[in-house]
Amino acid sequence: MTTHVVRVDRVTKRFSGHTAVRNFSLDVPTGGMFGLLGPNGAGKSTTIRMIMNIITPDEGKIHLFGGTKSGRDHSSRIGYLPEERGLYKKMKVKEQLAFFGETKGIPHKDAVRKTGEWLERLGLSDWTDKKVEDLSKGMQQKVQFIGTLLHEPELVILDEPFSGLDPVNAQVMKDVVLEIARSGRTVLFSTHIMEQAEKMCDRIAIIARGEKVVDGTLSEIKREFGHRFVALAYHRNAEAAGRVLQDRKLVAKVDDYGNSAEVELAAGAESDALLHALVEAGVGLNRFEVVEPSLQSIFIAKVGADAAKAVASGDSR
Amino acid sequence: MNKVWAVIRREFIERVRTKAFLLSTLLFPVFIGAMMVLPALLLTKTSGVKRVAVLDGTSVDFGARVNNALLAVKRGSGGDASAQYEPTLVVTGGERMEAVRDSLIAGIGLAGETGPSLNGVLILTDEGLASGRLQYFGDNAGSISAMQELEGTVRPLVTRQRLEREGVDPMVVMRAIGPVSLATQRVAEGKLTGQSGGATFAIAYAMGFILYMALLIYGIQVMTSIVEEKSNRIMEVLASSMSPFQMLLGKILGVGSVAFLQLGIWAGAAYAATTYRVQLLGLFGVDAAASSGVSSMIPSIPGSLLVVFLAFFVLGFLLYSAMFAAVGSMCNTVQETQQAQFPVMFLIILGLMTMFALLNDPNSPLVMTLSYVPFWTPFVIPIRYSMAPIPIMGLLVSAVITILGMLAIVWVASRIYRVGILSYGKRASLRDLWRWVRTA
């Protein structure tokens, strides 16, 4: 129970007429990187806002840190970057961040000190005393990002954190986020860019039209989805290889070309097991390449091309 | 509570730092000083020595009297006193009158061989004395105060002359028409307060007006800054770390403390200007006595009245800023607020009108009733207190009712605020508001 930092339990939220999120459940384990994926308008932000207790669900419950207290009560342990970024334009960067820190419950002095450290780290030291409105969009994003992380939260919730960032800044922020995940803290972020999630996340959940389509670790999802292929080539003992490939527990389908083969793995089978079996049988391998379906193709297969279109073309910014 | 404190501090520091705050805070004392010094300054500077020719065409030698009277007019007092006029008596009569008059008028404003130029010519004739219409030609004829002064000097002489002609002893008449005045003294709880009725009126008026201005200036600041936070989308960041009530409380107290600072500085400046009026005038080379016509602007305020005023001022400020906050939270742009704020403005203006009704009759039943309605108590009670005594029980009942009403209104406002700050798009209708208030 307590190993789940966020539990969303059969939650439904309706807005005048339409249902934004329907009977949605989600378990985010402590530590690591969790991706909440879906096209625009799928209900990602609504879910996140319900987790933060900014809006309340019509049905269902949300548990944070294993208890029933709301996101606001835990605000000192959570860092939240909303989809719509917001800063006081007339305030100085330093004071703005110190204020954010204070609203999370850190004493004024500590907040000021941490602000300095973070600005240094993200290369904004020269802008400490500038007003927010004098900063570029990218720098403002960084400031907002610091505001989210200043109080060293155990749980970091980022709503579309990389949208609207240039590659350099995106890289900087990605590194920071990865470091948080590696240090045993939890990062939950939403994105509509599948490739990004595929590269960064340990676990993902895909949401479309307010409902959960699939969730689990990346390898689980791919294994369950099937359609995983292995390309093989051997220089020795091809007959032994042929025998191994007959095993229906491992292999669903084989295209045998004599010294090479294309194999579709059986549902639930691990590619490691196949490799092990081949080596055991004394097959001399030239090539063993696992070709997994991309998250994008799984997504399209699960949700349908219509819903996926929003992913391809629907970047709202 | 620390979070509320952080919001208060942010609001306070960010506001006090703005140029607008600095300017308005400093300009007002300058304005008070100017109000004090300028009239006195003008009074002295405009009255250089006036050279006036008194052209006497009367058969009763009236010119000599006027001449003497003008010589006697002094400006300033004590040792510094100097003559106001430098009259020249020209006696003529009959046909020559017009020619002499024209030649004198021709000399106005021109320095000739005979000396410095004339400022004006006062023409006295028998017909003028009879009809009461005398003529004056001069370069200072446009100055209303100078003409009033001259008229004031000549008028009693004409009256006297007419009385003598009718054979009445002027002294008898003077005694008969001696002024009658009503010296007013305010009585509170059976004791003399040492204040005149007029001073009380001024205090009451000023108090109501200060409340009105503060509500307009700072209430609207609360409202617009909430709209800005909404359009900046900063609301969501704040809403994830503190409750809407904490945000609302911090905002109102933050803006309120700025209001108190500014009003405090202004009150201090006004007090200092009144207390050190003589020195202040001296700085500009104005003799204090010469400006005795400029009465001191701020009558002394008794301590208990000040306490009552401050208490109800704070209550009123909290009440109305909560309402302004609710209005701000339901709008998306500052333009939208201009319509939406109407009901709140209406209540405030009604409060001000109540104040005027009150100044007419502090004990009318209408006013009595209004002093128990939370919207208007902050306007009514301090003024009622300043004009006619309110027993301590009455004060307490009013205060308790106001506080209860205020809490109820603040509660409703914060319910609206709570939902409003995170709703974008169409402005909320009355039905929406009612739903917002009810939702858990």
Side-chain angles (χ1 to χ4, degrees), chain A residues 15-16 45-46 48-58 70-92 95-108 110-112 131-133 140 143-145 147-148 150-151 153 155 157 159, chain B residues 1-21 221 224-247 249-251 254 332 415 418-426 428-429 431-432 435-436 438-440:
Chain A
F15 291 115
S16 53
S45 289
T46 305
I48 286 178
R49 291 167 124 202
M50 284 192 287
I51 293 172
M52 290 310 300
N53 193 28
I54 290 168
I55 51 178
T56 45
D58 296 329
S70 72
R72 195 175 294 135
D73 299 318
H74 286 297
S75 71
S76 62
R77 304 169 73 182
I78 304 177
Y80 169 53
L81 180 74
E83 185 181 16
E84 303 268 13
R85 319 283 198 264
L87 295 168
Y88 288 108
K89 294 197 165 49
K90 302 272 176 206
M91 262 181 116
K92 288 180 184 167
E95 283 161 5
Q96 170 103 55
L97 287 173
F99 172 69
F100 277 157
E102 281 179 88
T103 64
K104 300 289 181 192
I106 338 179
H108 183 69
D110 295 355
V112 171
K131 281 185 184 172
V132 170
E133 60 186 354
Q140 290 190 17
V143 170
Q144 185 106 45
F145 195 63
T148 310
L150 190 70
H151 57 296
L155 169 62
I157 298 181
D159 201 351
Chain B
M1 199 55 216
N2 282 335
K3 297 183 179 180
V4 177
W5 184 236
V7 177
I8 294 176
R9 188 170 54 204
R10 195 201 81 80
E11 292 293 337
F12 185 80
I13 292 176
E14 289 302 309
R15 268 160 218 288
V16 168
R17 252 192 216 156
T18 56
K19 286 195 192 76
F21 178 82
Q221 274 193 26
T224 48
S225 82
I226 286 170
V227 175
E228 273 164 26
E229 281 176 357
K230 257 184 93 171
S231 62
N232 272 351
R233 308 278 165 166
I234 203 153
M235 275 301 183
E236 200 161 327
V237 183
L238 295 180
S240 71
S241 12
M242 60 181 105
S243 70
F245 188 75
Q246 286 175 315
M247 291 159 72
L249 191 65
K251 170 77 69 187
N332 300 303
R415 306 281 289 183
R418 192 190 46 150
V419 184
I421 48 172
L422 295 168
S423 358
Y424 293 95
K426 210 170 108 272
S429 64
R431 196 194 286 166
D432 290 333
R435 214 185 40 199
W436 292 359
R438 280 182 314 161
T439 48

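So you know, we letter chains A, B, ... as the sequences are listed, proteins then strands, and number each from 1.
- The number of heavy-atom neighbours closer than 6.0 Å to CZ of B:Phe245, taken from other residues, nucleotides and ligands shown, is 12 or below.
- Considering only heavy atoms from C-beta on, B:Glu14 comes within 4.5 Å of A:Glu95 through its side chain.
- Remark: B:Gln246 CD to A:Arg72 CZ distance equals 8.5 Å, nearest 0.5 Å.
- Rounding to the nearest 0.5 Å places CZ of A:Phe100 at 9.0 Å from CZ of B:Arg10.
- Here OG of B:Ser241 is found 8.5 Å from CD1 of A:Ile54. Values are rounded to the nearest 0.5 Å.
- A distance of 13.5 Å separates OG in B:Ser240 from NE2 in A:His74, rounded to the nearest 0.5 Å.
- Between chain A and the options B:Gly250, B:Ser231, B:Ala239, B:Pro244, the largest number of non-hydrogen pairs under 4.5 Å is found for B:Ala239.
- Using a 4.5 Å heavy-atom cutoff, the side chains of A:Gln96 and B:Ile234 are in contact.
- We find the CD1-CG distance between A:Ile106 and B:Asn2 to be 12.0 Å, quoted to the nearest 0.5 Å.
- With a threshold of 4.5 angstrom between heavy atoms, B:Val7 approaches chain A through its backbone and through its side chain.
- Salt bridge absent: A:Lys89 and B:Glu228 never bring a charged side-chain N and a carboxylate O closer than 4.0 Å.
- Between the side chains of A:Lys90 and B:Thr18, not a single donor N or O lies within less than 3.5 Å of an accepting N or O.
- Side-chain contact between B:Trp5 and A:Glu102 is absent, with no heavy-atom pair separated by less than 4.5 Å.
- Residue B:Ile13 does not touch chain A at all, counting heavy-atom pairs closer than 4.5 Å.
- Interface remark: A:Tyr88 contributes backbone and side-chain atoms alike to the contact with chain B (heavy atom separation under 4.5 Å).
- Side-chain contact between B:Glu236 and A:Glu83 is absent, with no heavy-atom pair separated by less than 4.5 Å.
- Nearest heavy atom pair, residue B:Val237 against residue A:Gly86, reads CG2-O, 4.2 Å.
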